[in-house]
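Chain identifiers are assigned alphabetically (A, B, ...) following the order of the sequence lines, protein sequences preceding nucleic acid strands; residue numbering begins at 1 within each chain.
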Number of protein chains: 4
Amino acid sequence: MADVGGIAGAQLRSFIERIERLEEEKAGLAADIREVYAEAKGTGFDAKVMRQIIRLRKMEQADRQELETLLDLYMAALGMADLPPGDSED
Amino acid sequence: MADVGGIAGAQLRSFIERIERLEEEKAGLAADIREVYAEAKGTGFDAKVMRQIIRLRKMEQADRQELETLLDLYMAALGMADLPPGDSED
Amino acid sequence: MADVGGIAGAQLRSFIERIERLEEEKAGLAADIREVYAEAKGTGFDAKVMRQIIRLRKMEQADRQELETLLDLYMAALGMADLPPGDSED
Amino acid sequence: MADVGGIAGAQLRSFIERIERLEEEKAGLAADIREVYAEAKGTGFDAKVMRQIIRLRKMEQADRQELETLLDLYMAALGMADLPPGDSED
DNA sequence: CTGCCATTTTACCGGC
DNA sequence: GCCGGTAAAATGGCAG
């Protein structure tokens, strides 16, 4: 610990408050998201399915990134420069 | 689902994208929070202690909320109004 | 998985069954709890209020725990032992 | 509410304590279950897969019960007595 | 049958 | 780099 009861106390307090503020904003966004789900539900969509879709899209994106990372690795290993995106073929 | 292949597709897409956007912002805030922890750590504070403090503060606040809820419940059970001031209802 | 189709199958089955057994008991207790709530309701108590009280008590207890944890963390950070009494160490 | 501050208080306390006791036991079982998962993990099994299996088995069992319930309904509708299991015909 | 709450499960983050 | 614990998300159950 830095300095119990000294100047560090004020600094710690500052850090804590910054974090709490950010967490509040985060909670606000979570609330917004819930609202959107609710609205979608009101329009006849099933939230559970929607969540699945979003999860899937995220994973596909992650896979894509992983693939690109792997590609970069291979290319680096081969001594080839980074080709512009959109030119990869399978 | 509302209408597979119909106009609902566009609507669903819109909902999904709104959510994804919000989630992105949320992830951004999470990153910010991590940064603050890192900065604090760099100044000599222990993240574990900080998290504990924040958790404790949140719980104290939650306790307060719980107590109020309990009070409201009791008052409702006793047939007392506890309406917010200025809120008239017919 | 350890060994598909080998002896591991029996082992897995054993784990699964142990868990299922425990879950059954757990479900039994949940049923018991529901019964108590029902009985209380029959005596004129409001389950919602009861739940709130129980939640509050649990949180107060949790707060206590958190405070102790925090204290331990501080003491550890300050290099103080906080060993249980009677626990000698060389 | 029954009687704020009267004899009901003792009764309420009793109910609360019974519930808290049961919840404690329930928590104990949850801990046991976690232990089994841990043990299984130590033997090389993946907890996530195990959970999936257990969920599946439960659903199958639920389906079976649903089927039996449905069968009972049909039989009742047909004015037929409860036949011993294994004697169902379509 | 809808909304709320508890529980459970998954994902993340820090420690060893 | 993995593991353990901790926080968030999500699912399921319950009351109204």
Side-chain angles (χ1 to χ4, degrees), chain A residues 19-20 22-23 26-39 41-42 44 46-56 58-59 62, chain B residues 19 22-23 26-27 29-38 40-41 45-56 58-59 62 65-66 69 73 76, chain C residues 19 22-23 26-27 29-31 33-38 40-41 45-56 58-59 62 65-66 69-70 73 76-77, chain D residues 19 22-23 26-27 29-31 33-35 37-39 41-42 44 46-55 58-59 62:
Chain A
I19 290 167
E20 283 177 342
L22 290 166
E23 297 249 7
K26 190 146 81 76
L29 282 173
D32 291 351
I33 290 169
R34 243 174 296 136
E35 267 182 69
V36 178
Y37 275 117
E39 191 187 336
K41 187 176 187 175
D46 178 10
K48 196 168 173 178
V49 176
M50 288 175 67
R51 285 176 199 281
Q52 203 69 21
I53 291 170
I54 287 167
R55 205 182 305 164
L56 212 60
K58 205 192 304 190
M59 286 181 68
Chain B
I19 291 167
L22 290 166
E23 299 247 6
K26 191 146 79 75
L29 282 173
D32 291 350
I33 290 168
R34 232 173 303 134
E35 265 182 71
V36 178
Y37 275 117
K41 189 175 185 175
F45 292 108
D46 177 9
K48 196 168 176 181
V49 175
M50 289 176 65
R51 283 177 198 281
Q52 197 71 16
I53 292 170
I54 287 167
R55 201 185 312 158
L56 192 59
K58 205 192 306 191
M59 288 189 80
Q65 294 266 94
E66 296 277 301
T69 303
L73 281 172
Chain C
I19 290 167
L22 290 166
E23 299 247 5
K26 191 147 79 76
L29 282 173
I33 290 168
R34 236 173 301 135
E35 265 182 71
V36 179
Y37 275 116
K41 189 174 185 174
F45 292 107
D46 178 8
K48 196 169 176 180
V49 174
M50 290 176 65
R51 284 176 198 281
Q52 196 73 15
I53 291 169
I54 288 167
R55 201 183 313 159
L56 193 59
K58 204 193 304 190
M59 288 189 79
Q65 294 266 94
E66 296 276 303
T69 304
L70 193 54
L73 280 171
Chain D
I19 290 167
L22 290 166
E23 298 249 7
K26 190 147 80 76
L29 283 173
I33 290 169
R34 239 172 301 133
E35 266 182 69
Y37 275 117
E39 193 186 336
K41 187 176 187 173
D46 176 11
K48 198 168 172 178
V49 175
M50 289 176 67
R51 286 175 199 283
Q52 203 69 21
I53 290 170
I54 287 167
R55 204 182 306 163
K58 205 192 303 188
M59 285 182 69

A:Lys26 side chain N/O closer than 4.0 Å to the phosphate oxygens (OP1, OP2) of F:dA8?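 Yes, A:Lys26 has a side-chain N/O under 4.0 Å of OP1/OP2 on F:dA8.
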
Write down the distance between [atom1] ([X]) and [atom2] ([N]), rounded to a whole number of angstrom.
{"X": "B:Ile53", "N": "F:dA7", "atom1": "CD1", "atom2": "P", "answer": "14 Å"}
{"X": "C:Ile54", "N": "E:dA6", "atom1": "CD1", "atom2": "P", "answer": "10 Å"}
{"X": "A:Leu22", "N": "F:dA8", "atom1": "CG", "atom2": "P", "answer": "13 Å"}
{"X": "B:Glu23", "N": "F:dA10", "atom1": "CD", "atom2": "C1'", "answer": "12 Å"}
{"X": "A:Asp32", "N": "F:dA8", "atom1": "CG", "atom2": "P", "answer": "16 Å"}
{"X": "B:Leu56", "N": "F:dT6", "atom1": "CG", "atom2": "C1'", "answer": "16 Å"}
{"X": "B:Gln52", "N": "F:dG5", "atom1": "CD", "atom2": "C1'", "answer": "12 Å"}
{"X": "A:Ile19", "N": "F:dT6", "atom1": "CD1", "atom2": "P", "answer": "18 Å"}

Could you tell me which residues satisfy side-chain hydrogen bond (donor to acceptor under 3.5 Å, both in side chains) with A:Glu20, sequence neighbours excluded, listed by chain and number?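 Once residues adjacent in sequence are excluded, the partners of A:Glu20 under the side-chain hydrogen bond (donor to acceptor under 3.5 Å, both in side chains) criterion are B:Arg57.
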
A:Ile19: which of B:Asp32, B:Ile53, B:Ile33 passes side-chain contact (heavy atoms from CB on, under 4.5 Å):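 Option passing the side-chain contact (heavy atoms from CB on, under 4.5 Å) with A:Ile19: B:Ile33.
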
Sequence-aligned protein contact record of nucleotides 11-16 of chain E, with B where the base is within under 4.0 Å of a protein heavy atom and S where only the sugar-phosphate is: S-SSS-

Could you note down all residue pairs passing salt bridge (Lys or Arg N to Asp or Glu O under 4.0 Å) where residues 47-56 of chain C supplies at least one of them, sequence neighbours left out?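 Residue pairs passing salt bridge (Lys or Arg N to Asp or Glu O under 4.0 Å), neighbours aside: B:Glu66-C:Arg55.
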
Point-to-point distance, once rounded to the nearest 0.5 Å, from OH of C:Tyr37 to CG of D:Leu22: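 With rounding to 0.5 Å, OH (C:Tyr37) is 10.0 Å from CG (D:Leu22).
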
Straight-line distance of D:Leu29 CG to C:Leu29 CG, nearest 0.5 Å: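 Here the interatomic distance stands at 5.5 Å.
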
Heavy atoms only: give me the nearest C:Ala30-D:Lys26 pair and the separation to one decimal.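 Looking at all heavy atoms of both residues, the closest pair is N-CD, 4.1 Å.
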
